[in-house]
Amino acid sequence: MAAPEPKAPLGVGTIIAESFSILIKNIFRVILVSSVPMALFVVPIGLMLSSTGAINLENPAANWPMVAAYTVTSLLTFCAAISLISAAVTKLTYDAKHQKTRSLREIFGPSLAAAPAIVLLGLAIGVALLALQASVFVLGFATTLLSFVALPVFFVIYLWAIAAFSLMPSAAVIEKRGLRSLGRSMELTKGYRLPVLGTMFLAGLCSVAVQLVFSIATVLLTALASLVSDTLSGILSFASSLVTFGLVIGFICIVACLVYLRLREVKEGVGIEEIEQIFD
């Protein structure tokens with residue numbers, strides 16, 4: 001009886017290294033496609049919430065319907081921004097692998113088409129995890145012993161969800177799977193969830209390092225700008241925050257897309273040159 005063929009490695013080191021390469025070569029485009037949606041979706045909501053007449057902060061219970069409406073609106077707009085960013089960076093990464101450069105219109109076109117499915121699936125995952133977390137808290141109030149058992153279970157399920165669902169945006173953009181993207185992500189990650197989780201964890205650590213470097217640069221830059229004008233300092237601080245956020249979320253999305261492409265190659269024998277040219 002022939003021995004089974006060994007499972008091909010995911011190639012974590014190669015994926016991380018290539019992710020940095022794509023980020024550096026396309027750094028301005030990554031910042032742009034990551035920062036613009038956040039500025040367009042979230043900043044107006046932030047300005048609305050910060051206006052003095054929006055909510056009575058001294059007595060928020062008196063206008064709780066307004067508080068609830070703003071909370072839901074903020075959550076939805078943030079999810080919409082993150083979904084559009086993940087779709088756009090996935091598209092940019094896919095093009096970079098093909099050594100193609102497309103206009104922002106060509107990037108955001110397919111991204112806008114995939115974003116609604118990513119929003120809905122992301123919200124569904126978030127609600128399910130919140131419900132599970134609430135159950136853990138309820139069990140903790142019931143008995144300490146159950147909380148000790150339930151908390152590790154929730155932690156394991158949370159990590160499993162990261163590994164199993166992390167390729168959902170890539171499936172939604174590249175394969176146009178829509179709401180089936182969640183199942184597609186689970187299908188591709190099956191048998192590779194531990195290395196996928198390790199890759200995403202390493203990507204998170206790298207993004208923290210990137211954030212730390214830019215945060216230090218931001219502090220120094222705004223400190224110098226404050227010597228000239230407080231307004232200039234505030235503008236630079238805000239712009240630097242958007243850039244830092246764009247680089248962090250952009251890098252993680254690049255890693256997820258490369259993991260998706262690698263698993264397509266490993267499990268289905270489909271290389272980057274053979275994947276359907278759905279953007280042409």
Side-chain angles (χ1 to χ4, degrees), residues 8-38 81-118 121 165-178 180-189 192 195-196 199-200 202-203 206-207 210 243 246-280:
L10 182 61
V12 177
T14 301
I15 289 174
I16 295 297
E18 189 173 5
S19 297
F20 271 114
S21 176
I22 291 176
L23 177 65
I24 293 171
K25 291 178 181 178
N26 300 272
I27 188 166
F28 294 110
R29 292 167 65 82
V30 170
I31 291 173
L32 196 58
V33 300
S34 300
S35 303
V36 169
M38 186 58 62
I82 293 297
S83 299
L84 183 55
I85 290 168
S86 63
V89 176
T90 295
K91 173 70 172 67
L92 190 152
T93 304
Y94 183 79
D95 288 340
K97 286 287 291 184
H98 279 95
Q99 298 182 344
K100 293 182 179 180
T101 301
R102 299 183 188 269
S103 66
L104 291 179
R105 181 180 61 82
E106 292 174 314
I107 290 177
F108 279 114
S111 303
L112 285 169
I118 299 174
L121 293 174
F165 302 146
S166 59
L167 308 188
M168 179 264 290
S170 298
V173 175
I174 297 175
E175 298 185 47
K176 295 184 177 179
R177 292 270 178 159
R180 295 175 297 156
S181 301
L182 206 60
R184 178 60 168 159
S185 179
M186 293 177 64
E187 176 188 348
L188 284 173
T189 57
Y192 282 86
V196 168
T199 304
M200 300 311 297
L202 185 56
C206 292
S207 66
V210 171
V243 169
L247 289 174
V248 168
I249 193 68
F251 179 75
I252 293 175
C253 292
I254 291 172
V255 171
C257 182
L258 293 183
V259 169
Y260 163 85
L261 294 174
R262 173 58 179 164
L263 288 177
R264 288 287 306 271
E265 180 182 4
V266 167
K267 304 189 76 172
E268 301 174 349
V270 180
I272 186 66
E273 297 83 5
E274 299 168 300
I275 293 179
E276 184 181 1
Q277 302 292 313
I278 62 172
F279 300 120
D280 293 335

message: Has Q99 got a side-chain atom pairing as donor or acceptor with A96's backbone, closer than 3.5 angstrom?
response: no
query: So L10 and V266, side-chain contact (heavy atoms from CB on, under 4.5 Å) or not? Walk me through it.
result: CA-CA 8 Å; L10 182 61; V266 167; 5.9 Å; no
- prompt: What heavy-atom pair brings S19 and L258 nearest, and what distance separates the two atoms?
  reply: OG-CD1, 3.3 Å
message: Determine whether M168 and I118 satisfy the following criterion, side-chain contact (heavy atoms from CB on, under 4.5 Å), listing intermediate values before the conclusion.
response: CA-CA 7 Å; M168 179 264 290; I118 299 174; 4.1 Å; yes
- line: On a heavy-atom basis, the closest approach of V30 and G250 is CG1-CA, 4.0 Å
field: Side chain K91, main chain S86, donor-acceptor under 3.5 Å
entry: no
query: Who pairs with Y192 by ring-ring contact (aromatic ring centres under 6.0 Å, His included), at least two apart in sequence or on another chain?
result: none
message: Using the rule side-chain contact (heavy atoms from CB on, under 4.5 Å), only one of V196, V255, T199 pairs with V12; which is it?
response: T199
- prompt: Counting distance only, does the side-chain N/O of K267 pair as donor-acceptor with the main-chain N or O of L188 below 3.5 Å?
  reply: yes
- request: Might you point out which heavy atoms bring C206 and I16 nearest each other, and give the distance in Å?
  value: SG-CG2, 4.2 Å
message: Just verifying a value: how many Å separate I174 CD1 and R184 CZ, rounded to the nearest 0.5 Å?
response: 10.5 Å
- request: Taking all non-hydrogen atoms of both residues into account, name the closest pair between S83 and A115 and its distance.
  value: CB-O, 3.9 Å
Full working for side-chain contact (heavy atoms from CB on, under 4.5 Å) between L182 and R177: CA-CA 9 Å; L182 206 60; R177 292 270 178 159; over 6 Å; no
message: Please enumerate all residues that pass side chain to side chain contact (heavy atoms under 4.5 Å, CB included) together with A117, with sequence neighbours excluded.
response: L179
query: Do C257 and V89 have side chains that get closer than 4.5 Å, going by heavy atoms?
result: no
statement: Those residues at least two apart in sequence (or on a different chain) that pass salt bridge (charged side-chain N to carboxylate O under 4.0 Å, His left out) with R29 are none
- prompt: Going through the checks in order, is the side-chain hydrogen bond (donor to acceptor under 3.5 Å, both in side chains) test met by Y260 and E175?
  reply: CA-CA 11 Å; Y260 163 85; E175 298 185 47; 2.5 Å; yes
- prompt: Hey, does the side chain of S21 reach the backbone of A17 with a donor-acceptor pair shorter than 3.5 angstrom?
  reply: no
- line: Nearest heavy-atom approach of S185 to S166 is OG-N, 3.8 Å
Donor-acceptor under 3.5 Å (S207 side chain, V248 main chain): no
Euclidean distance, L23 CG relative to I252 CD1, rounded to 0.5 Å: 11.5 Å
field: Rounded distance [0.5 Å steps], CZ in F165 versus OG1 in T189
entry: 8.5 Å
- request: Tell me, with the steps shown, if C253 and T93 meet side-chain contact (heavy atoms from CB on, under 4.5 Å).
  value: CA-CA 9 Å; C253 292; T93 304; over 6 Å; no
Spacing of OG1 belonging to T101 relative to CG belonging to L92, to within rounding of 0.5 Å: 8.5 Å
- line: Heavy atoms of P37 and A81 approach each other most closely as O-CB, 3.9 Å
- prompt: Do any N or O atoms from the side chain of R262 and from the backbone of P9 form a donor-acceptor pair under 3.5 angstrom?
  reply: yes
task: Indicate yes or no: does E18 engage K97 in a salt bridge with an N to O separation below 4.0 Å.
output: yes
statement: dist L84:CG -> F108:CZ (nearest 0.5 Å) comes out at 5.5 Å
- prompt: I249 versus M38: any side-chain heavy-atom pair under 4.5 Å?
  reply: no
task: Any chance you could measure L247, atom CG, to I27, atom CD1, to the nearest 0.5 Å?
output: 5.0 Å
